[in-house]
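Below you'll find the structure, written out as structure tokens, and then a few comments.
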Amino acid sequence: MMKKVHVLSFLALAVSTACHADGQTYPDPVFYSQSDFGGTGLMQLPTARIAPEGEFSLSYRNNDQYRFYTTSIALFPWLEGTIRYTDVRTERYSQNTAFSGSQSYKDKSFDFKVRLLKESYYLPELAFGKRDISGTGLFDGEFFVGSKRAGPLDFTLGMGWGYIGNSGNVTNPLCRVSDKYCHRSELHDAGDISFDGMFKGPASIIGGVEYQSPWYPLRLKLEYDGNDYKGDKSKNIQQFTHFNFGAVYRVTDWADVNLSYERGNTLMFGFTLRANLNDLRPVNKDNPKPAYHPEITENAPSYTAVANQLTQLKYNAGFDDPEIKYHDKTLYMSGQQQRYRDPREAVDRANRILVNNLPADVDTINVTQTKMHLPLVTTETNVASLKKELAGYPLGHEDKLEQKRIEPNDPVPDERGYRIKASRFNYAFEPKLIQSLGGPEDFYMYQIGVIPSASYWVTNHWLVDSGVFININNNYNKFNSSLLPSDSNLPRVRTHIRDYVRNNVYISNLQTNYITDLGHGFYGQAYGGYLEMMYGGVGAELLYRPLDSQWAIGIDGNYVKQRDWNDMMRFNDYSVKTGFITTYWTPSELNGVVLKVAVGQYLAGDKGVTVEMAKRFDSGVQVGIWGAKSNVSKQDYGEGGFSKGFYISIPFDLMSVTPDQNHAVISWTPLTRDGGQSLNRKYRLYDMTSERELPLGQ
């Protein structure tokens, strides 16, 4: 009875305050903050709010029972995702101390929240969310919540099930419909995606209010918690009250500190680091764009003028191996552009360079972008319209730049023009990080190294490539492989990872590739050698990618053998045929999103499908998630149920002083298993042909 009185009193207070609010809408910026569990919210509870699209948060919360480590991102204005690791301070990882020592228990979780209705003058913002969608179900729960702003106050009211609603302060409305909703299932196996318990078991009214103080950095929070903590993993939790109080202080635009008093007996403190991936911009000092000189026109190009153009094309427009030809009133320029992430910037600079010293009879400039000697796309520009744009339009003039993207166009492929000869030999040094989280021996295990690599083009289609991994530091010596029990019946195609990374120096890849343009949007390659750290063999790939299309399709087939981790120049007895049919889709409705679906056979001989979604933000940062589900049973697969992972790709030029096309990739896989594992090939045709994708915003 007391619980219901508390809830009604809280609701009465909220309604009364809202009715007496002056109705004024507080100006932006709106202050969003993270909950204890990650995701926009109060403390223990979520709100219906979702941070601005692209906001990326790293949060830490700490109390006597738990430490929460969370990563949250607003992938769209209507979708928020969270990955969480929880350190249960009061429990051991396992009873086998020889296996896991004194390490505390770790739990990993995935959450999401979807906005159902955007707030209007009369209606609240509404959202549905699910916690712990993939994990042990320790914090499993779902919720419907609504949030409404009234002046400096932001009210939230809703209903929660599972962990969020364990106190059962109201009757689960679905329990009246069917008895199956009256009881919730127990914890599920680690790594499983489970919706079996949705809206089942006890339910609770939840809610709270946030107060934006007149002092902008400070925001105060009050919530009514629907959990009673009686079935909690940490056995010593007591609750004196359902009301929690807290404050968040915005230290800077990118950092918050949090302090709360929860359950009437527990202090929770922590911080959040945040950035918006749409707003990040390079701080590099780029060369100014080439100047336009309309007074310079030549009947025929001089050697000095063309040599100067080639130099500018290389060092200003970023084309490493530019070549210039003249044919039938058209100037043709081709080359591999490796400087700018946005190809339009390179084409614009190339046009500015080429329009100077242009023969009088030339009326069209064709700039062809290539990659790994594959012609990808030609940008055709009308010279007259280009000159008008560069000179500035007269007032009231409505002419526009006449420019279009067409299939690669070289009418005289065998005729050699003016060029800077490309080097057939290339070398690079690439940093490498191998990591795993949440293991029994140590929460974070890693290997840091560097890969010096070299490649040589024997012909314009035939490439020889090699790389050597050199270990700098790692802590994989903590791994107790002899004590690790096997719960899988699949061949060990990936779980020997720690045996491989113990090698301080090894050949990471040594291969040869034949890569060619087959015409009409078709590209192909054949390859053989040491293809990755664990496998070597032979294979081939074919890709069909129409120019500026939202879709592409490819097929690859491989025969590979497992490399011997004790002698990386040899092979083990294990061999397998593996390959996939892969479709790629970039829907215009989801700006910057790439969806990939691959169907085929994995390294363990299991068959299934891999689904991947990647979102590219305005800064060039790309965030992706993937999952691979094969036809093996749960018992054969072992812990985790299926393979899955998360990655973030960060452009180098966000961290450098010059433009750069390269990216640093940080990947995270919660649990390395043997099912649903693909070959990690270095060269993929879809990546090689990225310039055939229509640039964002065009």
Side-chain angles (χ1 to χ4, degrees), residues 309-310 313 317-355 358-359 361-390 399-419 460-461 515-524 542-554 584-586 588 594 661 685-698:
Q309 286 179 324
L310 290 170
L313 287 168
F319 289 90
D320 268 2
D321 50 353
E323 182 174 13
I324 298 175
K325 298 179 183 180
Y326 297 90
H327 180 76
D328 193 22
K329 295 186 179 182
T330 299
L331 182 147
Y332 296 89
M333 196 285 291
S334 63
Q336 178 163 327
Q337 191 277 121
Q338 299 191 109
R339 186 177 179 87
Y340 297 100
R341 287 188 285 111
D342 188 341
R344 291 170 294 188
E345 176 69 18
V347 171
D348 178 50
R349 288 174 177 260
N351 279 335
R352 289 168 176 265
I353 293 166
L354 296 170
V355 77
L358 196 65
D361 64 334
V362 171
D363 57 18
T364 305
I365 296 175
N366 279 14
V367 176
T368 299
Q369 297 177 75
T370 68
K371 193 169 186 178
M372 301 189 75
H373 301 289
L374 297 175
L376 299 176
V377 59
T378 293
T379 302
E380 184 179 274
T381 306
N382 177 273
V383 170
S385 68
L386 175 63
K387 289 181 176 180
K388 288 180 181 180
E389 182 185 68
L390 295 178
D399 287 349
K400 295 182 180 180
L401 178 65
E402 295 180 27
Q403 188 177 81
K404 59 183 177 180
R405 286 161 54 93
I406 61 175
E407 288 288 349
N409 183 11
D410 185 354
V412 284
D414 298 325
E415 180 180 316
R416 180 165 295 178
Y418 303 91
R419 63 173 180 159
N460 284 348
H461 299 289
I515 308 167
T516 186
D517 168 29
L518 300 171
H520 305 289
F522 285 93
Y523 298 88
L542 177 68
L543 175 73
Y544 176 58
R545 187 171 192 173
L547 180 64
D548 294 341
S549 175
Q550 294 183 1
W551 64 275
I553 185 168
Y584 308 84
W585 184 38
T586 54
S588 56
V594 179
Q661 280 191 335
L685 289 174
Y686 189 81
D687 298 329
M688 295 182 205
T689 59
S690 57
E691 278 78 3
R692 289 184 68 83
E693 178 183 348
L694 187 68
L696 291 178
Q698 193 166 308

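No donor-acceptor distance shorter than 3.5 angstrom exists from the side chain of Thr516 to the backbone of Leu518, with no hydrogens or angles considered. With Asp363 contributing its side chain and Ala384 its backbone, the two residues share no donor-acceptor pair below 3.5 Å. When atom types are taken as modelled, the side chain of Glu407 and the backbone of His520 share no donor-acceptor pair closer than 3.5 angstrom. Not one N or O on the side chain of Gln336 forms a donor-acceptor pair closer than 3.5 Å with the backbone of Asp320. Formation of a donor-acceptor pair under 3.5 Å by the Arg545 side chain with backbone atoms of Tyr686 is found in this model.
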Task: Chi angles and distances behind the side-chain contact (heavy atoms from CB on, under 4.5 Å) call for Leu694, Arg405 - done: CA-CA 9 Å; Leu694 187 68; Arg405 286 161 54 93; 4.1 Å; yes

Task: Chi angles and distances behind the side-chain contact (heavy atoms from CB on, under 4.5 Å) call for Thr586, Gln550 - done: CA-CA 5 Å; Thr586 54; Gln550 294 183 1; 3.9 Å; yes

Open item on the list: Pair Asp410, Thr368 - check side-chain contact (heavy atoms from CB on, under 4.5 Å), show working.
Closed with: CA-CA 9 Å; Asp410 185 354; Thr368 299; over 6 Å; no

- [ ] Output, in order, the C-alpha distance, side-chain angles, deciding distance and verdict of side-chain contact (heavy atoms from CB on, under 4.5 Å) for Tyr523 and Ile515.
- [x] CA-CA 8 Å; Tyr523 298 88; Ile515 308 167; over 6 Å; no

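With contacts defined as side-chain heavy-atom distances shorter than 4.5 Å, the pair Val383/Leu331 does not qualify. By the 4.5 Å heavy-atom criterion applied to side chains, Ile324 and Leu313 are counted as neighbours. Two residues are said to be in side-chain contact when any heavy atoms from C-beta on lie closer than 4.5 Å; Glu693 and Tyr584 fail this criterion.
When all heavy atoms of Ala317 and Ala350 are compared, the pair lying nearest together is CB-N, 4.0 Å. Here the closest heavy-atom approach between residue Asn409 and residue Thr378 is recorded as N-OG1, 3.0 Å. The minimum heavy-atom distance between Gln369 and Pro343, with the atom names listed, is OE1-CB, 3.3 Å. Residues His327 and Pro411 come closest through the heavy atom pair CD2-CG, 3.7 Å. Taking each heavy atom of Ile553 and Leu543 in turn, the nearest pair found is O-CD1, 3.4 Å.
Ala346 pairs by the side-chain contact (heavy atoms from CB on, under 4.5 Å) definition with Phe319, Gln337, Tyr340, not counting sequence neighbours. Judged as a ring pair (Phe, Tyr, Trp, His ring centres under 6.0 Å), and not counting sequence neighbours, Trp585 has no contacts.
Of the inter-residue distances, the one linking Glu691 atom CD with Leu547 atom CG reads 11.5 Å to the nearest 0.5 angstrom. Here Leu685 contributes atom CG and Lys371 contributes atom NZ; the two are 11.5 Å apart, rounded to the nearest 0.5 Å. In this structure, Leu401 CG and Gln403 CD are separated by 4.5 Å, a value rounded to the nearest 0.5 Å. Between Ile365 atom CD1 and Met333 atom CE the span is 9.5 Å, to the nearest 0.5 Å. Of the inter-residue distances, the one linking Leu358 atom CG with Ile353 atom CD1 reads 13.0 Å to the nearest 0.5 angstrom. Atom OG1 in Thr689 sits 10.5 Å away from atom CG in Asp517 (nearest 0.5 Å).
Asn351 and Thr381 are linked by a side-chain donor-acceptor pair at a separation below 3.5 angstrom, with hydrogens and angles left out of the test. Checked by atom type, the side-chain pair Glu380/Thr364 shows no donor-acceptor distance below 3.5 Å.
Look at Asp348 and Arg352 and you find a salt bridge, because one of the NZ, NE, NH1 or NH2 atoms lies within 4.0 Å of a carboxylate O, short of that distance.
The aromatic rings of Tyr326 and Tyr418 sit perpendicular to each other, their planes meeting at more than 60°, with 30° as the lower class boundary.
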